[in-house]
Amino acid sequence: PQSEAPVRVGVFFSGNGFHREWWAREGEQGLEFGKVLEPFAPVRDSVVYLRGLYNEEALKGNIHSSQTGNLLSGAPLASGGEIRSGTSFDQIVAARYGAQTKVSSLVLGCEKSNPSVHKNYSMLYSSHISWSSPTTPTPLELYPALAFDRLFKDESSAGDRSVLDAVLEDAGDLRRQIGTDDRRKLDEFLESVRDVETRIERAGMRGELQGWRPEMTEPDRPRPADGIPQDIAEHMRLMCDIMVLGFRTDTTRVTTLKLNNDHSSLRFPNLGVDYMIHHLLSHSDSDDWLKVNRFFVEQVAYVAQKLSEIQEGERTALDNSMLLFCSSMLNGGHDATQLPVVLVGGGGGTIRGNRVLDYLGQENRQMCRLYLSMMDRCGLHFDRFGDADQRLDEL
């Protein structure tokens with residue numbers, strides 16, 4: 001029986017890389033941060049700054065979408081508008097935990113996905129870092145109220161079921177009328193429909209809990225208002241609170257929060273930076289770009305701080321979590337030869353923070369080595385994942 005709290009996995013992504021002030025180093029008093037990462041100072045004892053990791057496959061297209069679609073898998077990407085990547089590590093962990101929680105994973109976003117094609121690569125790669133299968137990006141939940149319902153709604157409605165039945169019936173009729181290539185595409189679409197079907201079946205269900213119990217079983221805040229908040233700060237903060245709620249109630253143990261797309265069109269009137277979209281701003285490396293960067297880091301630091309205040313036996317919820325924060329390029333110049341990566345949390349008491357791990361210049365610096373190490377701490381042990389067959393032993 002499980003007597004200790006489980007290890008949770010949270011993944012945060014912000015697109016287009018970071019300002020040149022993205023750095024950390026070990027000083028006499030512990031980690032010292034560049035201006036981008038300064039919001040992590042209150043939780044520095046739980047922070048590991050990883051330098052030099054990268055995905056070799058992401059170097060092939062040298063554009064936003066080709067660098068982002070395999071961020072969490074290291075898999076080769078199909079071009080020509082075709083959609084094929086690799087199952088992301090967060091969804092592999094979600095499958096492992098799925099029978100033990102009501103919601104196997106929560107995949108949240110603060111910007112709508114972009115279905116267009118850019119320079120021979122689908123922009124869906126820029127919009128999704130979480131993939132349920134090589135051809136199925138995990139659907140993004142943009143609405144805080146619906147994300148809340150995923151966690152705490154006790155049963156599915158008749159309408160949910162009737163809509164799904166209608167989709168499946170229409171798909172069956174269509175399948176008999178189309179050619180082989182179109183059938184393959186339809187079958188890929190139906191895979192994502194089956195994921196929705198599974199969610200509906202699991203609505204209201206909880207896994208069997210043995211030994212350990214979460215300290216909170218019901219949400220301590222009201223359901224968010226319907227719709228997408230027009231204030232991006234409110235939108236992001238609601239999603240962060242929902243992530244904490246999911247972990248705190250053990251309704252889910254895996255949450256991926258895509259703060260924006262790569263090649264993002266978000267603007268930031270809340271910061272007084274409303275004159276240029278995020279993507280164009282990333283090429284400026286200006287003080288306003290730094291201001292936006294810090295705003296994103298503040299979201300991750302907020303979740304880390306909240307989890308650090310939740311006691312779970314001798315450890316905190318942050319001690320029992322791994323929060324990965326990354327982008328698919330180091331800066332607005334599309335540099336993917338090294339990725340910006342910060343890991344926050346103790347991974348069940350197995351990760352020592354307040355340090356830098358520098359792999360730049362080393363031969364084996366695959367990002368997937370980090371994923372192997374993280375999956376180990378979730379009870380998943382693979383000989384290989386993506387392009388890596390070794391762990392980050394220093395972690």
Side-chain angles (χ1 to χ4, degrees), residues 7-14 17-56 58-59 71-74 89-90 93 129 293 296-297 300-301 303-304 307-308 318-331 335-378 380-382 384-395:
V7 175
R8 289 75 159 214
V9 173
V11 179
F12 295 82
F13 171 85
S14 64
F18 294 98
H19 186 276
R20 62 185 178 278
E21 280 287 324
W22 171 283
W23 57 263
R25 59 177 174 240
E26 294 181 13
E28 291 184 6
Q29 306 300 318
L31 274 185
E32 299 172 353
F33 298 108
K35 292 177 184 177
V36 173
L37 296 176
E38 280 176 347
F40 281 134
V43 292
R44 62 161 48 86
D45 286 345
S46 299
V47 171
V48 180
Y49 176 84
L50 295 115
R51 182 170 181 252
L53 298 179
Y54 84 123
N55 281 323
E56 185 173 358
L59 302 181
L71 180 63
L72 301 185
S73 68
F89 94 94
D90 63 310
V93 175
I129 59 169
N293 283 186
F296 281 84
V297 175
V300 188
V303 171
L307 293 176
S308 75
L318 183 59
D319 295 331
N320 292 321
S321 299
M322 294 180 289
L323 305 179
L324 173 66
F325 179 43
C326 56
S327 187
S328 52
M329 55 187 69
L330 184 63
N331 52 46
D335 180 5
T337 60
Q338 55 172 312
L339 296 176
V341 182
V342 169
L343 189 64
V344 191
T350 66
I351 299 173
R352 179 173 58 86
N354 211 351
R355 60 194 175 122
V356 172
L357 295 179
D358 191 346
Y359 297 93
L360 198 62
Q362 295 190 25
E363 187 175 340
N364 297 318
R365 54 188 188 93
Q366 301 94 332
M367 187 75 166
C368 288
R369 291 184 64 191
L370 173 61
Y371 304 147
L372 282 171
S373 296
M374 292 178 70
M375 289 189 289
D376 278 347
R377 289 162 168 86
C378 300
L380 284 163
H381 308 290
F382 298 106
R384 184 178 189 89
F385 179 71
D387 58 357
D389 58 8
Q390 301 175 36
R391 275 88 178 136
L392 293 180
D393 293 332
E394 301 80 5
L395 191 62

Show the nearest heavy-atom pair for residues [X] and [Y], with the distance to one decimal.
X    : Y    : value
S328 : F13  : N-CE1, 3.6 Å
F296 : S14  : CD2-CB, 3.3 Å
C378 : M322 : SG-CE, 3.8 Å
P39  : A301 : O-CB, 3.4 Å
R355 : L395 : NH2-O, 3.0 Å
W23  : R20  : CD1-O, 3.9 Å

By salt bridge (Lys or Arg N to Asp or Glu O under 4.0 Å) - contacts of [X] (at least two apart):
X    : answer
E38  : R294
E21  : none
R365 : none

Rounded to the nearest 0.5 Å, what separates atom [atom1] in [X] from atom [atom2] in [Y]?
X    : Y    : atom1 : atom2 : answer
L53  : M367 : CG    : CE    : 6.0 Å
L330 : T337 : CG    : OG1   : 7.0 Å
L71  : I129 : CG    : CD1   : 6.0 Å
L392 : I351 : CG    : CD1   : 10.0 Å
M375 : F382 : CE    : CZ    : 5.5 Å
Y49  : F325 : OH    : CZ    : 12.0 Å

Within the structure provided, determine whether [X] and [Y] are in side-chain contact (heavy-atom separation under 4.5 Å).
X    : Y    : answer
L339 : C326 : no
W22  : L37  : yes
L324 : L370 : yes
V93  : M374 : no
C368 : N55  : yes

For [X], all residues meeting side-chain contact (heavy atoms from CB on, under 4.5 Å), sequence neighbours excluded:
X    : answer
A304 : V43, L318, L323, V344
Q366 : N364, R369, D387, A388
N354 : L31, R44, D45
N320 : A5, R8, E312, R315

Partner residues of [X] under the side chain to side chain donor-acceptor pair (under 3.5 Å) criterion, sequence neighbours left out:
X    : value
R51  : D358
Q390 : none
D319 : T316

- Task: Return each pair, listed once, that meets side-chain hydrogen bond (donor to acceptor under 3.5 Å, both in side chains) where at least one residue sits in residues 338-353; pairs must be two or more places apart or across chains.
- Result: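 Sorted pair list: T350-R377.
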
- Message: Parallel, tilted or perpendicular, judged at 30° and 60°: which one describes the rings of F33 and F40?
- Response: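 Rings of F33 and F40: tilted, as their planes differ by 30° to 60°.
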
- Any pair counted as ring pair (Phe, Tyr, Trp, His ring centres under 6.0 Å), so long as it reaches residues 353-372, sequence neighbours left out: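 Every ring pair (Phe, Tyr, Trp, His ring centres under 6.0 Å) pair that includes a residue of residues 353-372, provided the two are not neighbours, is F89-Y371.
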
- Message: With a 6.0 Å cut-off (strictly less than), is the heavy-atom count around CD of Q362, excluding the residue itself, greater than 12?
- Response: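 Correct, the count exceeds 12.
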
